[in-house]
Amino acid sequence: MTPSRAREWLHFLLGWIILIGFVGLARWGSRIPEGGIGGVVGNNLERGFDATPLFYSELDSMPDLEKALSEIEAP
Amino acid sequence: VSSEGISSLWKKEDWWAVWIGFAILLAATTGMVSSAPKLSSWESNPLGLFEVAKEGEPVRTVYLSTVMLWVGLGASFSVAVTAMGGKVGAFLAGYTVVFLLSIVANLFGNQAHMEALDLGYAFWALAIGLLIANTIGTPKWLLAGAKTELFIKTGLVLLGAEILFNKMLKLGAPGLLVAWVVTPIVVVSMYWFGVRVLKMSNRALVIVVATATSVCGVSAAIAAAAACRAKKEDLTLAVGMSLIFTVLMMIAMPALVVALGIDLLVGGAWLGGTIDATGAVVAAGAVLGKEAETVAAVVKMIQNILIGVIAFAIAVYWVTYIEKDPASSTKPSLKEVWIRFPKFILGFIGASILFSAVLVPILGETAVEKEILKPVTGVVRGWLFCLAFVSIGLESNFKELSSQLVGGKPIILYIVGQTFNIAITLLAAYLAFGGVLFDLSKVFPG
């Protein structure tokens, strides 16, 4: 293996370590601070909410939210 | 078809996306396929990815159905690859690795903390693909399975089925004002700003960024990029910016609503009209309360529906004005427009019309959503987008990406466009949901 190829593989392995480390840090890292970032992300974690859906049809709660429209009172 | 030759029906990727997409829709609608493997969220055990839980307890696994999906998609795309003159063996080898990398992207993206942070499979699929391509390099045999265009276009045909036009009027005129009047204004303004003020020569990049910013982030970027045949690097850039700014806006916007003392209905509509991705909209709305969450989600849903119209308009504009023969001063003929028109858009729009105008009235909205879209076609579409993002990453290189970023113009375009979007949407939300233009007791009789 040439030195440049070895360097490429080293970068590749380092990249994986960074990606996996990022997930690991989020999983085992410190508590999310209250307020600010903790406001939304903490609320998501608390209620087990998945904030990743790209389209409305992917949201499990969408039918309930559509129904909840009828419960809103006009100001 | 006749002007291009009948063989285009089985030799062109666009038509194969339509055939495969409609075959999946047919299998789901007739009940031949009643579920597809949706990978689960996991907290500490990565194998939880393959477990389906009910009330917190695992009830079954999706290992077998994931293998069946790999086989089913592999077989379908193999037929297409063969018909288009490709080598099936080479495709299958590469496709298998792309599929495995998609599982890894889902493994990272479905970790509970990543889900809470809005870093889902799209982010991880791109990151993994880019990592491989820009370190050890993507081997040629792997690229044979990275059929980005075919995955994206087939996924978009399936997405068409999820665009149910009857949902447009859920919030009446106020909802339409925020979602359907403001959004096209922002798209056109951003396009004008990018081309005329920033003088960006890559018009495809401008329209993809504009659509992602104003409509619905990643899914809109995918649809716009396919409609104008943007380069993979353009899509990567637009999606990357959208993903990063969505996280920032998801965190900052609710705090801004509170700080500015904005009414919660107005605030909800504001979040729904501005934050790019649907999940992030609901997450941001939820911290403000149920009313804001509901209005935010429904405004976003109405805006999601617009993507069909926007993608169609971009495709027509591109083949009519942008891709026309520079030597010709006249408009291209209808025949030329038809030849250049991306045919998968017909499948995308056709699926939307079929589901909105035929299946929903016959089967009912709940049945269509609960038995066809949610458990089958929506899940397969997610897999196809994930395969596409891994493929895009594998085919992209940082040199190309950084060449697009010279002068920071795409970032300026995004920031200026998003700022304009935030301002004009706030005004529209105030006029629509602040009791200024409409009698809200008709919209919210509860």
Side-chain angles (χ1 to χ4, degrees), chain A residues 1 4-29 31-32 35-75, chain B residues 41 44 108-109 111-122 124 127-128 131-132 135-137 159 162 170-171 216-219 250-251 254-255 263 265 277-280 282-284 286-287 290-291 293-295 297-298 300-301 304 366 369 373-374 378 382 435 440-441 443-446:
Chain A
M1 189 185 276
S4 67
R5 191 67 183 149
R7 203 177 313 119
E8 286 170 2
W9 274 98
L10 183 67
H11 288 161
F12 175 68
L13 292 174
L14 275 174
W16 275 107
I17 290 168
I18 290 168
L19 291 185
I20 295 168
F22 185 64
V23 179
L25 265 181
R27 167 67 185 85
W28 289 288
R31 283 171 56 87
I32 294 168
I37 185 170
V40 179
V41 179
N43 189 47
N44 290 345
L45 281 170
E46 202 171 294
R47 61 181 193 140
F49 182 73
D50 174 10
T52 63
L54 302 175
F55 211 68
Y56 82 90
S57 47
E58 295 170 32
L59 264 180
D60 291 332
S61 57
M62 199 66 222
D64 295 332
L65 287 168
E66 283 182 64
K67 276 182 202 151
L69 269 183
S70 61
E71 291 158 21
I72 296 176
E73 245 180 85
Chain B
S41 171
S44 53
F108 288 170
Q111 202 282 331
H113 287 68
M114 293 299 114
E115 288 184 339
L117 269 170
D118 187 24
L119 294 177
Y121 71 78
W124 291 104
I128 291 168
L131 171 64
I132 294 170
T135 52
I136 52 172
L159 182 70
E162 294 167 57
K170 288 274 174 181
L171 270 172
C216 49
V218 174
S219 40
M250 175 182 81
I251 292 164
D263 174 84
L265 287 183
T278 310
V282 177
V287 291
K290 192 69 190 171
E291 283 189 359
E293 180 187 6
T294 304
V295 172
V298 177
K300 193 76 215 172
M301 179 182 76
N304 280 176
T366 309
E369 286 184 324
L373 300 179
K374 192 88 186 159
L440 293 178
S441 63
V443 183
F444 304 113

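Chain letters run A, B, ... following the sequence lines, proteins first, then strands; residues in each count from 1.
Within the 4.5 angstrom heavy-atom criterion, only side-chain atoms of B:Lys374, from C-beta onward, approach chain A. For A:Arg5, the part lying under 4.5 angstrom from a heavy atom of chain B is the side chain only. Of the atoms belonging to A:Ser57, heavy atoms from both backbone and side chain fall under 4.5 Å from chain B. Heavy-atom distances place no part of B:Leu373 under 4.5 Å from chain A, backbone and side chain included. Of the atoms belonging to B:Ser441, heavy atoms from both backbone and side chain fall under 4.5 Å from chain A. With a 4.5 Å cut-off on non-hydrogen atoms, B:Ala297 touches chain A through its backbone and its side chain both. With a 4.5 angstrom heavy-atom cutoff, A:Asp60 touches chain B via backbone and side-chain atoms both.
With hydrogens and angles ignored, the 3.5 Å screen pairs a side-chain donor or acceptor of B:Asn304 with a backbone N or O of A:Tyr56.
Inter-residue side-chain proximity for A:Glu66 and B:Met301 is flagged as met; some heavy-atom pair is nearer than 4.5 Å. Here the side chains of A:Val40 and A:Phe49 are not in contact, with every heavy-atom distance at 4.5 Å or above.
When the candidates B:Thr366, B:Val282, B:Val218 are compared by the number of heavy-atom contacts under 4.5 Å with chain A, B:Val282 comes out ahead. Contacts with chain A were tallied for B:Val287, B:Thr135, B:Leu265; B:Thr135 has the most, counting heavy-atom pairs under 4.5 Å.
To the nearest 0.5 Å, atom CD of residue B:Glu162 and atom OG of residue B:Ser219 are 9.5 Å apart.
Here the closest non-hydrogen pair linking A:Pro53 and B:Ala277 is O-CB, 4.0 Å.
A:Asp50 and B:Ser41 share no side-chain donor-acceptor pair at under 3.5 Å.
Using a 30° and 60° split on the angle between ring planes, B:Trp124 and B:Phe108 fall in the perpendicular class, above 60°.
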